[in-house]
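Reckoned from all heavy atoms, side chains included, excluding hydrogens, waters and symmetry mates. Quick caveat: nothing in here was measured; it's all calculated off a predicted structure.
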Amino acid sequence: IIRPIEEKLQEVDSLYKVTSTAAAGTCSIRIEIDPNENDINSIVTDIRNAVSDADLPVDLTEDPNIRQFKTSKKAIVDLSIFDTRTHLLNDKARKKLQTYALALENKLLERPEINSVTRKGYLKEEFHIELDPKKLKHYNISVDAVHSAIANNHLYRPAGTLENKDRTRVTLFGKVDSIAEFNKVVVQAGFEGHIIRISDIATVRKTFQKKESILKIEGHEGVIFNVVKNSSYGILEALDVVHRVVNDFKKDTLKGTSYK
């Protein structure tokens, strides 16, 4: 995906720097425009056209998302949300906290004064498939065969991490949204009609991505937002809006809860 877009970007004038990054199932391209260029809008239009004209794979599940950031868009405040009763989050506590966090983020982004909100301490949900080594051996099925079976069942982005310790774990970011659907995936079908499914050789859990670090606020694990104002509004004006949104959220949503 990156290479055809980069090739088209070479046709755009006044680009100062292009930095591309790729990871499992996703990629990003950061473009910096020459600071001496005056007609920024025209260059942004050329960039959008270049991306649209790029010869991308036909099986691409989503069109490229283009976002414009200006140096005049400044981070104005950090916000945090946490549960005063919980020091370290388990899956159940994290799901509830992140539901509140996402609701607050959406309230902020509804306001024209706010350009973007960046999260810290927010983890994506994942499905973990924990394979049973004894059952794999019994059915003579390899981990690669399981991974291929999932990929061949048209799951969205079936790549992830593979850990080999006490048990083998395949971590997936999935479009499938239920454990039951994963359990139905056929791994092996013999000539005699005996079908082996994920449920026969593994346990599927819905959980969160592995934590690289623990973010705490006042001794409690939580989520922090970095709020960036829109360039069309002043800092004090945007700050006033943030305070009003937060106060309304506390009154309408968090009142009577242990969340702060």
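- Side-chain atoms of Arg111 and Val245, non-hydrogen and from C-beta on, do get closer than 4.5 Å to each other.
- In the hydrophobic clustering of this structure, Phe82 does not group with Val242; members are Ile, Leu, Val, Met, Phe, Trp, Tyr whose side-chain heavy atoms approach within less than 4.5 Å, directly or through other members.
- The two residues Thr86 and Ala93 make their nearest non-hydrogen contact at CG2-CB, 4.5 Å.
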- Message: Determine whether Leu254 and Lys260 satisfy the following criterion, side-chain contact (heavy atoms from CB on, under 4.5 Å), listing intermediate values before the conclusion.
- Response: CA-CA 7 Å; Leu254 298 184; Lys260 182 177 178 181; over 6 Å; no

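- Between the CG atom in Leu136 and the CD1 atom in Ile196 there is a gap of 11.0 Å [rounded to 0.5 Å].
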- Might you work through the side-chain contact (heavy atoms from CB on, under 4.5 Å) test for Leu79 and Ile224, ending with a clear yes or no? CA-CA 6 Å; Leu79 304 175; Ile224 289 179; over 6 Å; no

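- Sorted by first and then second residue, the ring pair (Phe, Tyr, Trp, His ring centres under 6.0 Å) pairs involving residues 224-260 (not counting sequence neighbours) are Tyr100-Tyr259.
- The heavy-atom pair separating Pro112 from Asn230 by the smallest distance is O-ND2, 3.1 Å.
- Within 6.0 Å of atom CG in Asn247, more than 12 heavy atoms from other residues, nucleotides or ligands are found, so the atom counts as buried in its surroundings.
- Residues Tyr122 and Gln209 form no side-chain contact, since every pair of their non-hydrogen atoms from C-beta on lies 4.5 Å or further apart.
- Contact between Arg67 and Ser116 at its shortest, heavy atoms only, is NH2-CB, 3.5 Å.
- Under the 4.5 Å side-chain heavy-atom criterion for ILVMFWY residues, no single connected hydrophobic cluster contains both Leu215 and Leu97.
- At a threshold of 4.5 Å between non-hydrogen side-chain atoms, the residues Thr19 and Ser28 do not count as touching.
- Under a 4.0 Å N-O distance rule, the pair Arg85/Asp83 qualifies as a salt bridge.
- Looking at Glu126 and Lys206, no side-chain N of the basic residue comes within less than 4.0 Å of a carboxylate O on the acidic one, giving no salt bridge.
- Side-chain atoms of Asp46 and Ser42, non-hydrogen and from C-beta on, do get closer than 4.5 Å to each other.
- Side-chain heavy atoms closer than 4.5 Å link hydrophobic residues (I, L, V, M, F, W, Y) into clusters, and following such links, even through other members, never connects Ile217 to Leu89.
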- Task: In sequence, state the C-alpha distance, the side-chain angles, and the governing distance for Thr207 and Glu125, and then conclude on side-chain hydrogen bond (donor to acceptor under 3.5 Å, both in side chains).
- Result: CA-CA 6 Å; Thr207 182; Glu125 285 190 283; over 6 Å; no

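- Within the 4.5 Å cutoff, the side chain of Val246 has no heavy atoms near those of the Lys107 side chain.
- Ser20 contributes no side-chain N or O that, together with a main-chain N or O of Ile29, makes up a donor-acceptor pair within less than 3.5 Å.
- The CG atom of Asn115 sits 7.5 Å away from atom OG of Ser231, with the distance rounded to the nearest 0.5 Å.
- Note on Ile201: it clusters hydrophobically with Ile179, by side-chain heavy-atom contacts below 4.5 Å among ILVMFWY residues.
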- Message: Using side-chain contact (heavy atoms from CB on, under 4.5 Å), reason through Val228 and Ile76 one step at a time and then give a plain yes or no.
- Response: CA-CA 6 Å; Val228 177; Ile76 54 173; over 6 Å; no

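- The shortest heavy-atom contact between Tyr139 and His194 is CE2-NE2, 4.2 Å.
- Residues Pro4 and Ala54 share a closest heavy-atom pair of O-CB, 3.9 Å.
- Other residues, nucleotides and ligands place no more than 12 heavy atoms under 6.0 Å from the CG atom of Asp55.
- Annotation for Asp53 and Lys8: closest pair O-CE, 3.6 Å, computed over non-hydrogen atoms.
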- Item | Trace of the side-chain contact (heavy atoms from CB on, under 4.5 Å) decision for Ile31 with Ile47 | CA-CA 9 Å; Ile31 302 169; Ile47 291 172; 3.8 Å; yes

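- Residues passing the salt bridge (charged side-chain N to carboxylate O under 4.0 Å, His left out) test with Asp91, sequence neighbours excluded: none.
- Taking CG of Asp240 as the reference point, atom CD1 of Ile235 lies at 13.5 Å (rounded to 0.5 Å).
- For Glu221, the salt bridge (charged side-chain N to carboxylate O under 4.0 Å, His left out) test picks out Arg94, Lys211, with sequence neighbours left out.
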- Query: Are Lys229 and Glu237 close enough, and set up right, to give a salt bridge (Lys or Arg N to Asp or Glu O under 4.0 Å), and what steps lead you there?
  - Reply: CA-CA 9 Å; Lys229 78 174 187 70; Glu237 184 180 11; over 6 Å; no

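- Proximity of Leu56 to Ile5: side-chain heavy atoms (C-beta onward) are separated by under 4.5 Å at one or more points.
- For the atom pair CD (Glu6) and CD1 (Ile1), the distance works out to 12.0 Å, reported to the nearest 0.5 Å.
- Under 4.0 Å is where a charged nitrogen must lie from a carboxylate oxygen, and between Glu130 and Arg205 at least one such pair does.
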- Message: Is there a salt bridge (Lys or Arg N to Asp or Glu O under 4.0 Å) between Arg119 and Glu105? Walk through the geometry before answering.
- Response: CA-CA 9 Å; Arg119 309 174 195 148; Glu105 178 182 340; 2.5 Å; yes

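- The distance from atom CD1 of Ile141 to atom NZ of Lys135, rounded to the nearest 0.5 Å, is 11.5 Å.
- The distance from the NE2 atom of His220 to the OG atom of Ser80 is 11.0 Å, given to the nearest 0.5 Å.
- Taking hydrophobic clusters as Ile, Leu, Val, Met, Phe, Trp and Tyr residues chained together by side-chain heavy-atom distances below 4.5 Å, Phe127 does not share a cluster with Phe208.
- Side-chain contact check for Ile2 versus Thr21: every heavy-atom pair is 4.5 Å or farther apart.
- In this structure, Asp252 places its CG atom where more than 12 heavy-atom neighbours from other residues, nucleotides or ligands lie under 6.0 Å away.
- The side-chain heavy atoms of Ile43 and Leu15, taken from C-beta on, include a pair separated by under 4.5 Å.
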